[in-house]
Student: 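Structure below; questions to follow.
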Amino acid sequence: MSDIRIATAEDQVLLDKEAKYCSYGDTVHYIEPPRIFSRCEGSYVWDTEDQAYLDLQMWYSAVNFGYANPRLNNALKQQIDTLPQIASQYLHKGKIELSEMIAVDAKKKFGLDGRVHFNVGGSQSIEDSLKVVRNASNGKSLMFAFEGGYHGRTLGASSITSSYRYRRRYGHFGERAQFIPFPYHFRGPKGMTKEEYGSHCVKQFARLFETEYNGVWDPKVGSSEYAAFYVEPIQGTGGYVIPPMNFYRELKQVLDQHGILMVSDEIQMGFYRTGKLWSIEHFDVQPDVIVFGKALTNGLNPLGGIWAREELINPKIFPPGSTHSTFASNPLGTAVGLEMFKMTSEVDYGAMVMAKGKYFLEGLQDLQKRFPIIGDVDGLGLALRCEICAADGFTPDKATLDYMVEEGMKGDMIVDGQKLGLILDVGGYYKNVITLAPSLEISYPEIDLGLKLLEQLLVRATKR
Ligand SMILES: Cc1ncc(COP(=O)(O)O)c(C=O)c1O
């Protein structure tokens with residue numbers, strides 16, 4: 001264990017100002033003193049003392065294509081030099097071509113016509129999707145969502161996010177979702193395979209529709225009280241939980257039978273995080289709405305948006321001005337998004353991510369064999385999880401993971417003569433899961449380095 005790190009005099013001046021002038025409502029300081037960063041490139045960020053940290057969370061998966069990706073940065077610079085600003089009521093080429101890319105791709109993959117609609121940020125795009133599904137179901141305002149699900153912290157988005165913590169102080173501005181158990185096999189009942197547990201969860205959900213007395217279905221008119229089911233195909237904040245491959249197919253059958261739409265929240269798992277453009281593609285179902293944000297612009301611009309089936313979003317059903325933000329479809333964001341699509345279509349991006357993910361997961365499995373406090377590891381593409389537990393390999397141990405995160409942020413580990421820090425993100429129902437979201441451009445030597453740094457943290461944690 002190394003000593004607590006002291007802020008430099010210069011950083012301390014900034015931290016004092018932060019304490020006086022900044023609201024803490026929009027952030028959380030997970031470590032004390034918080035580190036201040038000054039530059040970033042590839043898989044690394046550097047603090048004000050020029051200490052490098054390998055980042056294995058990449059701005060919660062907003063920077064899938066590496067910090068300061070030269071090609072995407074150039075697209076932004078070019079757009080700044082041509083059409084950096086234009087009001088959203090006017091058209092520009094980037095918006096139209098990016099919409100076309102997403103809609104044509106969806107038609108190819110899901111066989112569905114649809115349209116694309118932009119807004120700023122993930123939560124706001126979730127809000128827009130709520131309008132789309134409420135509108136399409138004649139104003140039904142009730143939603144299903146998953147236990148462990150996270151869809152953002154604006155008022156509508158937090159009503160379908162599982163944590164009461166995000167609603168507690170503010171009262172209800174709309175009905176909160178009915179939260180349904182997610183097939184989290186590692187913590188599920190014993191004696192079922194992953195697939196059996198997936199089917200079991202679907203059956204439990206389907207039970208709700210067996211009789212009107214289960215509270216969600218009127219069999220006399222064949223109508224559900226619920227408009228849509230919000231899913232994160234792989235849970236993000238919930239701890240990168242990967243459900244069984246049969247799960248969504250079986251769930252979607254129940255939804256289709258009862259006229260309930262499926263909204264796939266791809267804000268964190270989209271844009272190749274799991275080796276596919278959309279993570280729902282792994283599960284052989286047709287979503288009704290897709291919501292995206294984060295890595296669309298590699299974190300260079302807060303552009304987000306939705307794709308929805310034509311029947312739900314055509315201008316007759318969802319008329320002009322149904323939603324609006326001054327910065328929606330801003331040309332800087334659409335230029336980067338378009339370049340990202342071009343870049344990822346030029347090579348087999350999915351295959352590359354799957355191969356790196358497999359390699360990384362094998363390294364985690366090796367660590368799991370050597371460190372009993374790793375209860376579970378899993379991964380799909382480069383969305384990887386490592387669950388930190390007590391010595392029994394099961395009881396969640398948040399305190400140990402918090403310790404590891406703090407140690408990583410000290411920036412004092414030595415690998416092959418290089419002094420480094422490690423940036424990790426914490427997720428999970430018990431906040432004991434390392435949710436690993438490395439750059440998709442990470443090199444194999446950098447994966448090895450990440451594993452060595454994780455190993456050092458595990459050694460520190462077990463010796464503590
Ligand atoms: C799955 C998911 N949905 C929605 C959001 C909210 O997006 P934003 O933070 O851009 O508002 C997030 C953010 O982490 C997310 O992971």
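Computed over heavy atoms, backbone and side chain alike; hydrogens, waters and symmetry mates excluded. Residue numbers count from 1 along this sequence. Counting starts at 1 for both ligands and their atoms, in listed order.
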Student: Please report which non-hydrogen protein atom sits nearest to atom 14 (O) of ligand 1, along with the residue it belongs to and the distance in Å to one decimal place.
Tutor: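 Checking every protein heavy atom, the shortest distance to atom 14 (O) of ligand 1 gives K294 NZ, 2.8 Å.
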Student: Is any NZ, NE, NH1 or NH2 atom of the basic residue among E225 and K140 found under 4.0 Å from an Asp or Glu carboxylate oxygen of the other?
Tutor: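 The answer is no: the pair does not qualify as a salt bridge.
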Student: Provide, to 0.1 Å, the distance between atom 11 (O) of ligand 1 and the closest protein heavy atom, together with that atom's residue and name.
Tutor: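 In this structure, atom 11 (O) of ligand 1 has S123 OG, 2.6 Å as its nearest protein heavy atom.
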Student: Would you call D47-R39 a salt bridge at under 4.0 Å N-O?
Tutor: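 Salt bridge flag = no for R39 with D47.
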Student: If hydrogens are left out, which of Q268, Q235, M269 has an atom nearest to atom 16 (O) of ligand 1, that is, the closest non-hydrogen atom?
Tutor: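 The residue whose heavy atom sits nearest atom 16 (O) of ligand 1 is Q268.
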Student: Run the numbers for me: atoms of ligand 1, each under 4.0 Å from some heavy atom of E232, listed by number.
Tutor: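 Close to E232: 1 (C).
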Student: Pairs in or reaching into residues 112-132: which pass salt bridge (Lys or Arg N to Asp or Glu O under 4.0 Å), with residues at least two apart or in two chains?
Tutor: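 Non-adjacent pairs meeting salt bridge (Lys or Arg N to Asp or Glu O under 4.0 Å): K107-D113, R115-E310.
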Student: What residue and atom, counting heavy atoms only, is the protein's closest point to atom 15 (C) of ligand 1, and at what distance?
Tutor: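 I find the closest protein heavy atom is Y150 CD2, 3.8 Å.
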Student: Could you tell me the residue and atom name of the protein heavy atom closest to atom 3 (N) of ligand 1, and the distance to it rounded to 0.1 Å?
Tutor: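 Sorting protein heavy atoms by distance from atom 3 (N) of ligand 1 puts D265 OD2, 2.7 Å first.
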Student: Please walk me through it: do H172 and S159 pass side chain to side chain contact (heavy atoms under 4.5 Å, CB included)?
Tutor: CA-CA 8 Å; H172 285 161; S159 73; over 6 Å; no
Student: Inspect the contact between E18 and K20 and indicate whether a charged nitrogen and a carboxylate oxygen are less than 4.0 angstrom apart.
Tutor: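 No, this pair does not count.
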Student: Which part of H151 is near ligand 1, with near meaning a heavy atom under 4.0 Å away: side chain, backbone, both or neither?
Tutor: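 It is the backbone that gets close, since no side chain atom is under 4.0 Å.
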Student: Does atom CD of Q204 have more than 12 heavy-atom neighbours, drawn from other residues, nucleotides or ligands, at distances under 6.0 Å?
Tutor: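 Enclosed: over 12 neighbouring heavy atoms sit under 6.0 Å from CD of Q204.
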Student: So between G122, G121, G236, whose heavy atom ends up nearest atom 7 (O) of ligand 1?
Tutor: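 Among G122, G121, G236, the closest heavy atom to atom 7 (O) of ligand 1 belongs to G122.
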